[in-house]
Amino acid sequence: MAEVLHTRKELAAAREAMTGTVGVVMTMGALHAGHEMLLRAARERADHVIVTIFVNPLQFGPNEDFDRYPRTLDTDLEICRRVGVDAVFAPPVAEMYPEGQPTVRLNPGPLGEDLEGLSRPGFFHGVLTVVMKLLQLTQPDLAFFGEKDYQQLTLVRRMVRDLDVPTEIVGVPTVREPDGLALSSRNRYLSAAEREAALSLSVALRAGAAAAVRGEDAGAVLAAAHRAFDNPAARLDYLVLTDTELEPGPVDGPARLLIAAWVGATRLIDNTAIHLAPRP
Ligand code: PAF
């Protein structure tokens, strides 16, 4: 039975009692099968699993969905119990930010201003700040993040490297619906027609990946993905091919194809691994 903790004092006591390795999965709640995969990965690798559930106001812009972001604690706890999580830390905002919004925040560097950061200024400052706070509070050996938020995963990896945080960051593959739609807490905002349009993201990624498998070069991979993204009900924000560290596109070898698009009022993201054939 997962212990539910609301204060840092309760968390500290529970953490103190844990012997062996500790894995943390940080979430904003509204858990779905993608999160469950993270929990199961943590359960497999660590002796104890802590899940954090906190809708972090710092990472929402003034016109974003902080107030309407789904909050489903009871169902979240059921999933945590089913997987055998040891402790759930679900603090109120005042417990995480007792002095109000922090004036000191982590700077994600240039990568934080690109892609998601371009459309959502300050987003990664907010993400990295809360991730660092939760790392300090949970003191984990391992922390698990989904590949679905690939830029977040990349920046968290860089942060622990750059700031000598003694936690191993583990990336966990994206979970998809049978038709390819990547699971996301925001999918619940989509109407039936919008859900149909949302498929354009994964269709574009699959077209790019297929072009790479055929041995086509980076330009052709990107062009194939653009051609496949063809639903007028979805508005493209970006579609880019980068290296695996999100640096500008490689000419061959491992790469990442990333996409963001608006479907109605909902902004969705997705990405996939690509392997570009060696150039002669
Ligand atoms: O990926 C998320 O749900 C959030 O960005 C995270 C890592 C829990 C930080 O608030």
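Note: hydrogens, waters and symmetry copies are ignored here, and every other heavy atom, side chains too, is used. Just follow the structure's listing: the first ligand is 1, and inside any ligand the first atom is 1.
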At a 4.0 Å threshold, what atoms of ligand 1 neighbour a non-hydrogen atom of [X]?
X: Val130; result: 9 (C), 10 (O)
X: Thr27; result: 8 (C)
X: Met26; result: 8 (C)

- Task: Verify ring-ring contact (aromatic ring centres under 6.0 Å, His included) between Tyr69 and Phe60, making sure each step is shown before the conclusion.
- Result: CA-CA 10 Å; Tyr69 197 85; Phe60 288 80; 5.8 Å; yes
- Item | Distance-only side-chain donor-acceptor flag, Tyr238 / Asp114, under 3.5 Å | no
- Message: For a quick check under 3.5 Å, do Ser119 and Asp237 share a side-chain donor-acceptor pair by atom type?
- Response: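 Looking only at side-chain atoms, Asp237 and Ser119 do form a donor-acceptor pair, the distance falling under 3.5 Å.
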- Task: Provide, to 0.1 Å, the distance between atom 3 (O) of ligand 1 and the closest protein heavy atom, together with that atom's residue and name.
- Result: Met28 CG, 3.6 Å
- Task: Do me a favour and list the nearest non-hydrogen protein atom to atom 5 (O) of ligand 1 with residue, atom name and distance?
- Result: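 Ranked first by proximity to atom 5 (O) of ligand 1 is Gln152 OE1, 2.7 Å.
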- Query: Quick check: does Gln59 get an N/O under 3.5 Å from an N/O on ligand 1?
  - Reply: yes
- Over all heavy atoms of both residues, which pair between Lys148 and Asn271 is shortest? Give the atoms and the distance, please. O-ND2, 3.1 Å
- Shortest non-hydrogen contact from Arg186 toward Arg267: CD-O, 4.1 Å
